[in-house]
Amino acid sequence: SEYIAVMLRFCRLATRPQTGNRVARVAIRAARVKPTQCLIALGVLSGAALAWRDWERKALAEDLPADEPVLVQEPTTGFFFPAQKGNGSLVGVSARTITWFRFVTYAIGLYIDNSITQSIKGMEPEAALDAIFASSQPKSLLFISYRVIDVPHFTSSICTGMKPRLTQFVSEEEAKAILDTFSKSFQVKSIPAESQIEFSWIGDTLNIYLNSNQIASIQDVNLCRAFYGMYIAPDARAQEIRAEMLVGLQKNFQ
């Protein structure tokens with residue numbers, strides 16, 4: 001699916017005057033050869049498309065003026081996260097994958113308020129991440145969608161992960177009401193690829209932003225704990241994300 005998505009992007013280059021003729025000539029030649037050779041040509045074009053995507057993203061980062069913020073690349077998706085975002089510092093980056101096919105859905109970055117950074121300096125990564133989770137200081141999880149996100153499926157999956165955490169502190173009925181409020185925060189059916197979805201935990205409130213526009217503010221500390229717990233708590237549902245955050249802490253805060 002990644003090859004298909006990138007190939008579509010590569011094919012769009014054919015509409016550009018600078019590249020259209022070259023791409024057309026390659027396609028015509030590939031169509032004239034034997035099927036096996038055509039498959040080889042398709043593989044070459046797929047590799048070229050992926051290489052183009054990576055080069056384009058790296059070029060964008062390298063061409064930044066000297067006064068632009070430092071960017072950190074998430075390797076699975078190729079997306080870049082600013083090392084500093086407002087008053088927050090980037091702890092680490094990861095990618096959320098589902099099923100044994102390792103289907104990538106989004107990249108994710110954890111930001112913590114600069115007031116926390118000094119208190120975790122020198123701490124072991126496990127202890128530092130647990131301290132971040134327990135802290136009342138502001139923090140943020142920034143998602144960047146790798147592909148088009150089906151919102152009902154997205155919210156349903158998150159609510160499934162949060163429900164057992166919520167019911168540790170509230171009744172089944174209260175948990176259902178909280179999860180319904182969360183799901184209704186998204187008033188769209190789908191979210192385009194490369195969109196930013198931010199979940200900011202401040203005090204007892206979860207603020208949700210879509211492409212920098214606030215779409216919800218839910219005052220419920222149990223919701224905050226349940227949501228963040230899925231990603232960074234010791235018993236995180238997404239252990240691969242917690243592991244990458246530990247790597248980031250080891251690298252940037254020791």
Side-chain angles (χ1 to χ4, degrees), residues 88 90-100 102-113 116 119-120 123-145 149-186 191 196-210 214-249:
L90 182 65
V91 171
V93 295
S94 185
R96 180 67 169 131
T97 58
I98 57 175
T99 78
W100 63 277
R102 308 299 291 170
F103 190 80
V104 181
T105 53
Y106 50 82
I108 184 170
L110 171 64
Y111 290 86
I112 57 174
D113 191 82
I116 308 177
S119 64
I120 63 172
M123 294 176 65
E124 289 297 318
E126 291 272 356
L129 192 57
D130 293 345
I132 291 169
F133 179 55
S135 173
S136 61
Q137 296 301 316
K139 42 193 164 281
S140 175
L141 282 170
L142 177 62
F143 294 15
I144 304 178
S145 55
I149 290 178
D150 177 76
V151 169
H153 183 271
F154 176 67
T155 55
S156 175
S157 176
I158 290 176
C159 287
T160 298
M162 288 197 292
K163 185 177 179 180
R165 297 176 184 276
L166 280 172
T167 52
Q168 294 178 24
F169 306 102
V170 300
S171 69
E172 289 274 350
E173 287 187 3
E174 290 174 308
K176 184 179 183 301
I178 293 169
L179 296 175
D180 284 345
T181 300
F182 174 84
S183 297
K184 291 175 182 176
S185 300
F186 296 87
I191 297 174
Q196 295 188 6
I197 314 166
E198 183 176 2
F199 299 89
S200 175
W201 180 1
I202 301 177
D204 62 354
T205 302
L206 185 69
N207 297 307
I208 307 175
Y209 301 83
L210 179 58
Q214 186 167 1
I215 61 172
S217 182
I218 308 171
Q219 188 174 8
D220 193 298
V221 70
N222 292 318
L223 173 64
C224 297
R225 289 172 180 159
F227 183 83
Y228 272 72
M230 290 196 303
Y231 299 98
I232 65 172
D235 60 344
R237 184 187 189 193
Q239 282 293 325
E240 74 280 8
I241 292 176
R242 176 177 166 84
E244 291 294 342
M245 299 310 160
L246 293 173
V247 170
L249 285 166

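Side chains included, hydrogens not; waters and symmetry mates left out as well; all remaining heavy atoms used. Quick note: residue numbers are just sequence positions, from 1.
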Measure across [X] and [Y] and return the closest heavy-atom pair with its distance rounded to 0.1 Å.
X: Ala233; Y: Phe133; value: CB-CE2, 4.0 Å
X: Ile108; Y: Met245; value: O-CE, 4.0 Å
X: Ser185; Y: Thr181; value: OG-O, 3.1 Å

Working to the nearest 0.5 Å, report the span between [atom1] of [X] and [atom2] of [Y].
X: Arg96; Y: Ser145; atom1: CZ; atom2: OG; answer: 15.5 Å
X: Ile112; Y: Ile132; atom1: CD1; atom2: CD1; answer: 4.0 Å
X: Ile178; Y: Asp220; atom1: CD1; atom2: CG; answer: 4.0 Å
X: Asn222; Y: Met162; atom1: CG; atom2: CE; answer: 11.5 Å
X: Ser140; Y: Leu206; atom1: OG; atom2: CG; answer: 9.5 Å
X: Ile215; Y: Ile197; atom1: CD1; atom2: CD1; answer: 8.0 Å

Within-4.5 Å side-chain heavy-atom neighbours: [X] and [Y]:
X: Ile149; Y: Phe143; value: no
X: Asp235; Y: Arg165; value: yes
X: Tyr228; Y: Leu110; value: yes
X: Thr105; Y: Phe154; value: no
X: Val221; Y: Phe169; value: no

Could you tell me which residues satisfy side chain to side chain contact (heavy atoms under 4.5 Å, CB included) with Ser156, sequence neighbours excluded, listed by chain and number?
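By the side chain to side chain contact (heavy atoms under 4.5 Å, CB included) rule, Ser156 matches Thr160.
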
Does Ser183 use its side chain to pair, donor to acceptor, with the backbone of Asp180 at less than 3.5 Å?
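No, Ser183 side chain to Asp180 backbone: no donor-acceptor pair under 3.5 Å.
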
So that I can tick it off, tell me whether Arg242 and Asp130 are bridged by a salt bridge, with the cut-off set at under 4.0 angstrom between side-chain N and carboxylate O.
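A salt bridge links Asp130 with Arg242.
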
Check Asn207, Thr205, Asp204 against Gln219 for a side-chain hydrogen bond (donor to acceptor under 3.5 Å, both in side chains) and give me the one that passes.
Asp204

From CA spacing to verdict: side-chain contact (heavy atoms from CB on, under 4.5 Å), Arg237, Ser157:
CA-CA 11 Å; Arg237 184 187 189 193; Ser157 176; 3.9 Å; yes

Using the ring pair (Phe, Tyr, Trp, His ring centres under 6.0 Å) definition, which of the options Tyr106, Tyr231, Phe227 pairs with Phe199?
Phe227

